[in-house]
Amino acid sequence: MTIIVHHLENSRSQRVLWLLEELGLPYEVKRYERNKVTMLAPPELKRIHPLGKSPVIEDVAAAGGDRVVVAETGAIVEYLVQKCDGRLGTPARREDVLRYRFFLHYAEGSVMPPLLVKLVLSKVPLLGKVAMKRIQPMIDVHLDYIEAELVSRSWFAGDQFTAADIMMSFPLEAARSRGGLDESRPATIAWLQKVHARTAYQAALAKGGPYAFA
């Protein structure tokens with residue numbers, strides 16, 4: 001094994017396992033459970049990276065023989081794509097390149113924040129429920145935009161599956177679970193069903209353990 005994935009249950013790190021399966025890279029999973037009260041990552045993860053968050057990977061056989069630790073999903077995705085000479089990375093067509101870069105960063109930069117706010121507010125009695133009604137329209141703007149994009153093409157960056165699709169999977173799974181994504185946006189639902197049926201996705205589920213958003 002050359003890559004160790006520090007994988008937190010029901011988290012963004014499921015995407016890293018999926019990408020590794022798509023790329024055919026050997027890896028080992030070290031699985032962590034959330035604190036049952038706070039739902040935060042356990043303190044053991046701070047031994048791997050000072051932020052104590054997941055995902056984090058260790059490449060123990062990196063170029064030059066050094067041990068490399070990479071945190072943040074987007075950075076990990078770019079690192080692994082580069083490690084495989086660009087596979088599932090930047091498409092050939094210029095217009096697809098721009099889409100690829102956009103969706104690679106849009107997933108965490110724009111879609112996830114309101115979904116996370118809604119999750120936090122759902123834990124707050126009374127006032128939280130009132131505030132959630134103001135967050136949902138913000139989420140709907142993104143869901144409508146994503147639906148329009150997927151109506152016009154098979155994958156987020158164009159006609160080919162890329163790492164941008166892997167990055168977009170977690171926010172859309174979260175939206176399906178608690179963010180208002182339903183059959184009123186059929187192209188997005190069809191995209192989710194398509195990625196869930198991929199052999200590599202299913203293999204990643206088997207290795208990662210229970211995943212509430214699949």
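All values below were derived from every heavy atom in this structure, side-chain atoms included, with hydrogens, water molecules and symmetry-related copies excluded. Computed from a prediction, not measured in an experiment: that's the story for all the values here.
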**Student:** Other than Val97, which residues form its hydrophobic cluster under the rule that side-chain heavy atoms must be closer than 4.5 Å?
**Tutor:** none
**Student:** Taking only residues two or more places apart in sequence, or in another chain, which ones meet Arg153 in a side-chain hydrogen bond (donor to acceptor under 3.5 Å, both in side chains)?
**Tutor:** Glu149
**Student:** Go through the structure and list residues passing side chain to side chain contact (heavy atoms under 4.5 Å, CB included) with Asp140, not counting sequence neighbours.
**Tutor:** Gln136, Leu143, Arg185
**Student:** Which residues satisfy the side chain to side chain contact (heavy atoms under 4.5 Å, CB included) test with Val141, sequence neighbours excluded?
**Tutor:** none
**Student:** Side chain of Arg12, backbone of Pro55: donor and acceptor closer than 3.5 Å?
**Tutor:** no
**Student:** Could you list the donor-acceptor pairs under 3.5 angstrom formed between side-chain atoms of residues 160-170 and any protein atom two or more places apart in sequence or on another chain?
**Tutor:**
{"from": "Thr162", "atom 1": "OG1", "to": "Ala164", "atom 2": "N", "distance (Å)": "3.2"}
{"from": "Asp165", "atom 1": "OD1", "to": "Phe156", "atom 2": "N", "distance (Å)": "3.0"}
{"from": "Asp165", "atom 1": "OD1", "to": "Trp191", "atom 2": "NE1", "distance (Å)": "3.1"}
{"from": "Asp165", "atom 1": "OD2", "to": "Thr162", "atom 2": "N", "distance (Å)": "3.0"}
{"from": "Ser169", "atom 1": "OG", "to": "Ile166", "atom 2": "O", "distance (Å)": "2.7"}

**Student:** Please answer whether the main-chain N or O of Leu181 pairs with a side-chain N or O of Arg176 as donor and acceptor at a distance below 3.5 Å.
**Tutor:** yes
**Student:** Taking all atoms of both residues into account, what is the closest heavy-atom pair of Pro91 and Tyr100, and its distance?
**Tutor:** CD-CB, 3.6 Å
**Student:** For the pair Arg34 (side chain) and Asn10 (backbone), establish whether a donor and an acceptor sit closer than 3.5 Å, ignoring hydrogens and angles.
**Tutor:** yes
**Student:** What pairs with Lys53 under side-chain hydrogen bond (donor to acceptor under 3.5 Å, both in side chains), at least two apart in sequence or on another chain?
**Tutor:** none
**Student:** For Tyr145, check side-chain hydrogen bond (donor to acceptor under 3.5 Å, both in side chains) against everything at least two apart and list the hits.
**Tutor:** none
**Student:** Can you name the ring pair (Phe, Tyr, Trp, His ring centres under 6.0 Å) partners of His49, sequence neighbours left out?
**Tutor:** none
**Student:** Search all heavy atoms of Ile3 against all heavy atoms of Leu20 and return the closest pair with its distance.
**Tutor:** CD1-CD2, 3.9 Å
**Student:** According to side chain to side chain contact (heavy atoms under 4.5 Å, CB included), who are the partners of Pro42, at least two apart in sequence or on a separate chain?
**Tutor:** Leu8, Tyr32, Glu44, Leu45
**Student:** If you link I, L, V, M, F, W and Y whenever their side-chain heavy atoms are under 4.5 Å apart, who else ends up in the same group as Leu98?
**Tutor:** none
**Student:** Kindly give the heavy-atom pair with the smallest separation between Ala174 and Leu115, and that separation in Å.
**Tutor:** CB-CD1, 4.3 Å
**Student:** Main chain of Ser154, side chain of Lys194: is a donor-acceptor contact present, judged purely on distance under 3.5 Å?
**Tutor:** yes
**Student:** Closest heavy-atom contact between Glu21 and Ala200?
**Tutor:** CB-O, 3.6 Å
**Student:** With Ala187, which residues qualify under side chain to side chain contact (heavy atoms under 4.5 Å, CB included), at least two apart?
**Tutor:** Glu147, Leu150, Val151
**Student:** Show which residues join Leu51 in its hydrophobic cluster (side-chain heavy-atom contacts under 4.5 Å, direct or indirect), or state none.
**Tutor:** none
